[in-house]
Engineer: 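Here it is, the structure, as structure tokens.
This is a predicted model, so every value here is computed, not measured.
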Amino acid sequence: NNDSFYITGNVKSTLMPTGYLTDIVTLVHTFTAEYKGDAYTLTSVLKLAPEEMVIAGLTDIGRLFTISYNAAGVITAETSDLFVPEAFKPEYILSDIQLIYFPAAALNENLPADVSVKEYDNGVYAYRDFFAAGQRIISIKYDNADKYAANIDFTNFERGYAYRLELLEQ
């Protein structure tokens, strides 16, 4: 598949159709990321809908970008400047959004067969962890059972990055 990419070192994936989303939601976040010792902060607006996903971001130094992915599977990315490392390619950003917000059933149906999704809740936080070959490769922590109303901590252990989405507006 030409649209495939690696979400971790050896786990190949493809973006899922946006039709798995049933709600139309717009969320505003402060996005704070760490990658290889560098910190990135931006404000983002995320629209999730059955027909498209759109993320627009403004960095702390005024650089703007937009990424969209429609039901036909077309990715459009525009930026005023290239400010992010190679690890944050549009398909990785879109994939992470899908891992965070798409229904678990859609993830189980579309992720590679050797990847499993485990969701659990300890009464304070809700979690969604991804395992490959028995190893936890990605962990997502929500501070609210309603993913759309949560602050989110995302860690990709194998790629060595982590970020926090702090909800500003829903």
Engineer: According to side-chain contact (heavy atoms from CB on, under 4.5 Å), who are the partners of Glu109, at least two apart in sequence or on a separate chain?
Structural biologist: Tyr20

Engineer: What closest approach, in Å, do Tyr92 and Arg159 show between heavy atoms, and which atom pair accounts for it?
Structural biologist: OH-NH2, 3.2 Å

Engineer: For Asp129, give me all partners under salt bridge (charged side-chain N to carboxylate O under 4.0 Å, His left out), at least two apart in sequence or on another chain.
Structural biologist: Arg136

Engineer: For the residue pair Arg164 and Phe154, establish whether any side-chain heavy-atom pair is separated by less than 4.5 Å.
Structural biologist: no

Engineer: Taking the side chain as everything from C-beta on, heavy atoms only, tell me whether Thr30 gets closer than 4.5 Å to Leu168.
Structural biologist: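 When only atoms from C-beta onward are counted, Leu168 and Thr30 do touch, with a gap below 4.5 Å.
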
Engineer: Is the side chain of Glu34 donor-acceptor paired with the backbone N or O of Tyr161 at a distance under 3.5 Å, no angle test?
Structural biologist: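 Flag not set: sc Glu34 to bb Tyr161 has no pair under 3.5 Å.
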
Engineer: Taking it one step at a time, do Ile138 and Phe157 satisfy side-chain contact (heavy atoms from CB on, under 4.5 Å)?
Structural biologist: CA-CA 6 Å; Ile138 294 171; Phe157 296 103; 5.7 Å; no

Engineer: Would you mind reporting whether Met53 and Leu94 have side-chain heavy atoms less than 4.5 Å apart?
Structural biologist: yes

Engineer: Could you tell me how the ring of Phe31 sits relative to the ring of Tyr163: parallel (under 30°), tilted (30 to 60°) or perpendicular (over 60°)?
Structural biologist: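 Ring orientation, 0 to 90° scale: tilted.
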
Engineer: Once you round to the nearest 0.5 Å, how far does CG of Leu167 lie from CG of Asp143?
Structural biologist: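 Separation between the atoms: 8.5 Å.
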
Engineer: Evaluate side-chain contact (heavy atoms from CB on, under 4.5 Å) for Lys118 paired with Phe131, printing each intermediate quantity in order.
Structural biologist: CA-CA 8 Å; Lys118 180 182 178 193; Phe131 295 86; 4.0 Å; yes

Engineer: List the residues meeting ring pair (Phe, Tyr, Trp, His ring centres under 6.0 Å) with Phe102, not counting sequence neighbours, and say none if there are none.
Structural biologist: none

Engineer: Name all residues meeting the side-chain contact (heavy atoms from CB on, under 4.5 Å) criterion together with Asn144; count only those two or more places apart in sequence or in a different chain, and write none if there are none.
Structural biologist: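 Counting only residues at least two positions away or on another chain, Asn144 forms a side-chain contact (heavy atoms from CB on, under 4.5 Å) with Asp146, Ala149, Ala150.
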
Engineer: How long is the span from the CZ atom in Phe130 to the OG atom in Ser116, to the nearest 0.5 Å?
Structural biologist: 9.5 Å

Engineer: Measure the CD-OG1 distance between Glu52 and Thr18 for me, rounded to the nearest 0.5 Å.
Structural biologist: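 Reported to 0.5 Å precision, the distance equals 8.0 Å.
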
Engineer: Compare all side-chain heavy atoms of Ile140 with those of Ile152 and state whether any distance is below 4.5 angstrom.
Structural biologist: yes

Engineer: For residues Ser95 and Leu15, determine if any side-chain heavy atom of one lies less than 4.5 Å from a side-chain heavy atom of the other.
Structural biologist: yes

Engineer: Testing the basics here: between Ala49 and Ile24, what is the closest heavy-atom pair and its distance to 0.1 Å?
Structural biologist: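 Between these two residues, the closest heavy atoms are CB-CG1, 3.9 Å.
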
Engineer: Could you measure the distance from the CD1 atom of Ile75 to the OG atom of Ser68? Nearest 0.5 Å is fine.
Structural biologist: 9.0 Å

Engineer: In chain order, what residues pass the side-chain contact (heavy atoms from CB on, under 4.5 Å) check against Lys147, with sequence neighbours excluded?
Structural biologist: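 Lys147 satisfies side-chain contact (heavy atoms from CB on, under 4.5 Å) with Tyr101, Glu119, Arg128, Tyr142 only.
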
Engineer: Can you name the salt bridge (charged side-chain N to carboxylate O under 4.0 Å, His left out) partners of Glu158, sequence neighbours left out?
Structural biologist: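 With neighbours one apart ignored, the set is empty.
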
Engineer: Could you tell me if the side chain of Leu48 sits less than 4.5 Å from the side chain of Ile97, heavy atoms only?
Structural biologist: yes

Engineer: What verdict does the side-chain contact (heavy atoms from CB on, under 4.5 Å) test give for Val117 and Leu111, after you've listed the backbone C-alpha separation in whole Å, the side-chain angles of each residue and the deciding distance to 0.1 Å?
Structural biologist: CA-CA 9 Å; Val117 182; Leu111 286 170; 3.9 Å; yes

Engineer: Would you say that Ser44 contacts Val28 through its side chain, given a criterion of any heavy-atom pair below 4.5 Å between the two side chains?
Structural biologist: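 Ser44 vs Val28: side chains apart.
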
Engineer: Is Lys141 close enough and on-axis enough to Tyr125, meaning under 6.0 Å and within 45°, for cation-pi?
Structural biologist: yes

Engineer: So, taking the atom named CD in Gln98 and the one named CG in Leu107, what distance separates them when rounded to the nearest 0.5 Å?
Structural biologist: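 Output value for this atom pair is 8.0 Å.
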
Engineer: When rounded to the nearest 0.5 angstrom, what distance separates OG1 in Thr32 from CG in Leu165?
Structural biologist: 8.5 Å

Engineer: In the structure I gave you, are the side-chain heavy atoms of Leu46 and Val54 within less than 4.5 Å of one another anywhere?
Structural biologist: no

Engineer: On a heavy-atom basis, which atom in Ala126 and which in Ala145 lie closest, and how many Å separate them?
Structural biologist: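 Minimum heavy-atom contact is CB-CA, 4.4 Å.
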
